[in-house]
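Inspection log for the structure reproduced underneath, given as structure tokens.
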Amino acid sequence: HPQYTEIPPLPPDVPSDIKHFTHEEVQLAYSPSTGKCYRLLTTKWRLIKPGTSNKTYTKIKINGSKQQLHRIVAQHFLNAGKPLSITEHVDHRKHADGTHQQDTLLNLRITSNRGNHANQKKGSSRFAGVCWHVRYNKWYAQILINNQRKHIGYFQSEHEAAKAYIETGEEHGYDMTIARERFQSVTG
């Protein structure tokens with residue numbers, strides 16, 4: 001790994017809120033507001049290219065392996081430089097269209113596996129844990145408690161089912177922040 005005696009200046013067009021840090025002996029410069037990240041290669045700073053779509057995260061090759069930029073950023077700026085545990089995930093509140101915007105600091109948070117999936121739309125509902133039951137012509141809510149599916153109930157509205165899902169999760173001690181934020185963003 002190269003040792004930098006003097007770090008060269010960044011290009012003049014970089015965002016003004018740039019933060020320098022070192023990750024596994026690699027010099028990086030990150031803009032929390034734009035999500036842009038630069039890597040020092042020998043004597044020049046190079047912009048790390050963003051992922052190509054909302055399903056392809058921005059990656060950087062370090063010590064022979066590719067690492068996701070959002071996890072590196074979360075470790076250094078949201079977790080005080082400490083590596084993330086196996087149970088900690090980095091959630092994008094909103095996924096972008098292959099730009100650096102998905103890696104802005106305000107768009108990232110450290111959460112559990114449950115929290116990481118809470119803002120993903122799957123199936124017939126806009127909310128995690130809620131589905132449309134065709135036979136009963138109602139919305140129903142369910143949640144995993146200790147790896148077992150728990151039926152919460154049938155509801156007239158999707159919003160009632162989502163609210164019951166959130167309340168049940170909170171009653172069992174789960175962090176339902178992301179699910180609650182999604183509920184509020186949809187219902188106003």
Side-chain angles (χ1 to χ4, degrees), residues 1-2 4 7 10-11 13-42 44-130 144 147 166 169 174-186:
H1 301 288
Y4 304 102
I7 296 177
L10 284 155
D13 60 341
V14 301
S16 61
D17 66 341
I18 208 83
K19 308 281 185 211
H20 290 270
F21 68 101
T22 303
H23 180 76
E24 296 183 18
E25 299 182 30
V26 173
Q27 294 290 320
L28 298 168
Y30 168 74
S31 166
S33 65
T34 67
K36 289 183 178 181
C37 192
Y38 300 82
R39 177 184 185 157
L40 183 59
L41 294 172
T42 315
K44 279 188 145 180
W45 287 97
R46 299 277 187 216
L47 178 65
I48 298 169
K49 292 181 183 176
T52 57
S53 72
N54 66 346
K55 295 182 185 201
T56 306
Y57 296 119
T58 303
K59 294 181 181 175
I60 179 173
K61 194 170 188 176
I62 296 177
N63 297 328
S65 69
K66 289 190 177 183
Q67 297 183 28
Q68 295 174 336
L69 180 61
H70 67 279
R71 289 190 62 83
I72 294 170
V73 167
Q75 175 182 329
H76 290 277
F77 294 93
L78 300 176
N79 207 35
K82 296 181 291 195
L84 301 173
S85 73
I86 292 173
T87 60
E88 292 176 309
H89 296 269
V90 180
D91 177 56
H92 289 90
R93 292 177 180 168
K94 295 180 183 175
H95 286 265
D97 57 358
T99 69
H100 286 287
Q101 292 301 313
Q102 68 189 24
D103 294 325
T104 62
L105 198 55
L106 289 176
N107 194 39
L108 302 175
R109 72 175 123 209
I110 297 172
T111 188
S112 64
N113 189 47
R114 178 183 303 275
N116 192 33
H117 293 287
N119 64 352
Q120 296 177 3
K121 183 199 175 310
K122 293 180 183 174
S124 56
S125 175
R126 296 172 287 177
F127 306 105
V130 176
L144 280 178
N147 289 325
I166 293 166
Y174 293 118
D175 180 2
M176 303 302 283
T177 305
I178 296 169
R180 187 170 289 287
E181 286 176 2
R182 176 150 178 84
F183 179 81
Q184 290 170 343
S185 73
V186 171

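The analysis underlying the following values was restricted to heavy atoms, covering all of them including side chains, and did not include hydrogens, waters or symmetry mates.
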How many angstroms lie between [atom1] in [X] and [atom2] in [Y], if you round to the nearest 0.5 Å?
{"X": "Leu78", "Y": "Leu105", "atom1": "CG", "atom2": "CG", "value": "5.0 Å"}
{"X": "Leu28", "Y": "Arg39", "atom1": "CG", "atom2": "CZ", "value": "7.0 Å"}
{"X": "Met176", "Y": "Phe183", "atom1": "CE", "atom2": "CZ", "value": "12.0 Å"}

- Query: Are side-chain N/O atoms of Asp91 and Thr111 paired as donor and acceptor at under 3.5 Å?
  - Reply: no
[X] versus [Y]: any side-chain heavy-atom pair under 4.5 Å?
{"X": "His92", "Y": "Tyr57", "answer": "yes"}
{"X": "Asn63", "Y": "Val26", "answer": "no"}
{"X": "Gln68", "Y": "Val90", "answer": "no"}
{"X": "Thr58", "Y": "His70", "answer": "no"}
{"X": "Leu84", "Y": "His89", "answer": "no"}
{"X": "Gln75", "Y": "Gln67", "answer": "no"}
{"X": "Tyr38", "Y": "Ile18", "answer": "yes"}
{"X": "Ile166", "Y": "Arg182", "answer": "no"}

Nearest heavy atoms of [X] and [Y], plus distance in Å:
{"X": "Leu144", "Y": "Tyr174", "value": "O-OH, 3.7 Å"}
{"X": "Lys36", "Y": "Leu47", "value": "CB-CD1, 4.0 Å"}
{"X": "Ile7", "Y": "Leu40", "value": "CG2-CD2, 4.2 Å"}
{"X": "Pro11", "Y": "Trp45", "value": "CD-CB, 4.0 Å"}
{"X": "Ser31", "Y": "Asp17", "value": "OG-OD1, 2.6 Å"}

- Ser185: partners by side chain to side chain donor-acceptor pair (under 3.5 Å), with sequence neighbours left out: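 Side chain to side chain donor-acceptor pair (under 3.5 Å) check on Ser185 returns nothing, list empty.
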- Item | Residues in side chain to side chain donor-acceptor pair (under 3.5 Å) contact with Thr104, at least two apart in sequence or another chain |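 If we apply the side chain to side chain donor-acceptor pair (under 3.5 Å) test to Thr104, skipping adjacent residues, there are no hits.
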- Go through the structure and list residues passing side chain to side chain contact (heavy atoms under 4.5 Å, CB included) with Lys19, not counting sequence neighbours.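 Here the qualifying residues are Pro32, Phe77.
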- Qualifying residues under side chain to side chain contact (heavy atoms under 4.5 Å, CB included), relative to His76, sequence neighbours excluded: Phe21, His23, Ile72
- Is the backbone N or O of Leu69 less than 3.5 Å from a side-chain atom of Asp103, with the two atoms forming a donor-acceptor pair by type? no
- With sequence neighbours excluded, give me every side-chain hydrogen bond (donor to acceptor under 3.5 Å, both in side chains) pair touching residues 77-87. Ser85-Thr87, Ser85-Glu88
- Note on the structure: Residues at least two apart in sequence or cross-chain that pass salt bridge (charged side-chain N to carboxylate O under 4.0 Å, His left out) with Arg180, listed by chain then number, are Glu170
